[in-house]
Amino acid sequence: MTGPDNPDSRPATGTPVGRRVFLGLVALGAAGVAAGGPLSRGFNSLHATVAAHDRTGLSGLIPGGGWRYYTVSNGYPAVDAAAYRLSVKGLVNKPLTLSLADIKALPRTSLVRDFQCVTGWRVPDVHWSGVRLSDVLAAAEVDPSAGAVQFKSFDGVYTECLTMSQAMRSDVLVADTMESAPVTRNHGGPVRMLVAPMYGYKSCKWLSTIRVVPKVIPGYWEHFGYDEDGWVGRSNGRTDEPT
Amino acid sequence: MTRTAGSAGRTGVPMSPPESLADPPRKLARFSPVERFAHRSTAVLVLVLIATGFSLFYQPLALIVGRRPIVEAIHVVAGFLLPVPTFIALLSAEFRADLGHLNRFAPDDWEWLRRRDRRRSSLAVHKFNAGQKLAAACFGAAGVVLFGTGLLLLFPDQLSLSDGVRQGATVVHDATTLALVALLAGHARLAMRHPEARAAMRTGVMDAEYARREYAAWAASEEKE
């Protein structure tokens, strides 16, 4: 056994290459962390280039670019498109139960916006289609005493909320279409919210219910300290470019 | 190589005590129990971290596994436990001595890396060859970088991280994971091709014949004792 008495064990000779490689690589890692913004943009563009030509889906293994898919329940809920119903209720004169066909019959709106997550990742120029929330609320005839709109997910866990004036914005969609295709299960389909000027957490996925209420009810992530008014670049202590 | 009494071994030193063909092949002590514990525990933790990490990060897998809160909890606990076996091993003299071996490069080490006929040559290889020395440094650095960036990802608000640093931590954590997986694939491939080396890490002792082929200078100094 090599030990203090064995001459072969005395590590006094030779250059300390091991330590240098170790420290050099750690320093490289630290530099990468410090160079965060430009480095992330570099990986984003690399990822976009690879993903554009990738048929395998393995480009999902390359870091830095593209979507991340979060869920707060045990999985990613799925519902049969034909059986899907969106319920609009609360302080409305005409509560609604809308199938996908009913939603498609309402006035259509399309948007192209960057999608910004509060954890830092951003996907540029995402194409969304659906119905303006204001058009859905108009169909349900909102009561004058209403002050806010709550959104509930069929994952049974997630909720979000907007003030009435936020809800009436022209860039708040009830979205059934993303990049010219039905919103996928991953992305919160068949129907999800898209609150374009705010961070991603404000957009409820796997939407089941739109409930008109007297005042704002803090949603899932607000309970963990995230801002109620989640404007991109003007909330949560962040300085991102607005979407 | 015949093992008749009084004949010279490969290094030219008379072998003693005398061996007969009835004796089992000798084994050389290579890794202490603490070192083997540290290697095995770290391997288990790394596998758990990779499995949970990819279940969080790689969407096709995330869709099947789901259960984000518990998968994340396991990942974080395993991450905090990762350095513990190494710190325990640092209490042992054998591990510290082996770190010293892994650290130092002799001129033959550079030759070993350069030459394609490295295993057939007469280069002096002591306890670890140059490839193992470099790999150890890379594994160590990957562990430190993953642990550090992991902490940044876990406590971004408490540490008041800027957006840029948070993004940097994310990219570096992900890229280092891919590099580590590639390194581990090579590590596993070499282990598959060298069962005597696997046995040495599993049992602590290495077949003397194998050691004379792969680590000639180390085997020679061990067999002097």
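The analysis underlying the following values was restricted to heavy atoms, covering all of them including side chains, and did not include hydrogens, waters or symmetry mates. So you know, we letter chains A, B, ... as the sequences are listed, proteins then strands, and number each from 1.
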In terms of heavy-atom pairs under 4.5 Å, which option from [options] contacts chain B the most?
| options | result |
| --- | --- |
| A:G75, A:G32, A:P16 | A:P16 |
| A:L39, A:L28, A:T15 | A:T15 |
| A:V21, A:N74, A:T71, A:V72 | A:N74 |
| A:A35, A:G237, A:G29 | A:G29 |

- Heavy atoms only: give me the nearest B:M206-B:A197 pair and the separation to one decimal. CE-CA, 4.3 Å
- Evaluate the ring planes of B:F147 and B:F80, with Trp represented by its six-membered ring, and classify them as parallel (under 30°), tilted (30 to 60°) or perpendicular (over 60°). perpendicular
- Message: Would you call the rings of A:F224 and A:Y220 parallel, tilted or perpendicular, taking 30° and 60° as the class edges?
- Response: tilted
Looking at [X] and [Y], does any basic side-chain N land under 4.0 Å from a carboxylate oxygen?
| X | Y | result |
| --- | --- | --- |
| B:R68 | B:E72 | no |
| B:K127 | B:E222 | no |
| A:K104 | A:D176 | yes |

- Is the B:F31 to B:H39 ring centre distance short of 6.0 Å? no
- Message: Please report whether the ring centroid of A:Y201 lies less than 6.0 Å from that of A:Y226.
- Response: yes
- Residue from A:D240, A:T119, A:D227 passing side-chain contact (heavy atoms from CB on, under 4.5 Å) with A:Y199: A:D240
Pick one of side chain, backbone, both or neither for [X], based on which atoms fall under 4.5 Å of a heavy atom in chain A.
| X | answer |
| --- | --- |
| B:V165 | both |
| B:F139 | neither |
| B:A62 | both |
| B:L102 | backbone |
| B:L161 | neither |
| B:T149 | side chain |

- Item | A:R68 and B:D174: CA distance, side-chain angles, deciding distance, salt bridge (Lys or Arg N to Asp or Glu O under 4.0 Å) verdict | CA-CA 13 Å; A:R68 292 169 188 254; B:D174 297 346; 3.1 Å; yes
- Message: If the contact rule is any heavy atom under 4.5 Å from chain B, which residues of residues 179-197 of chain A qualify, in numerical order?
- Response: A:R185, A:N186
- Item | Candidates A:K205, A:K202, A:K152, A:Q150 - the one meeting side-chain hydrogen bond (donor to acceptor under 3.5 Å, both in side chains) with A:E160 | A:K202
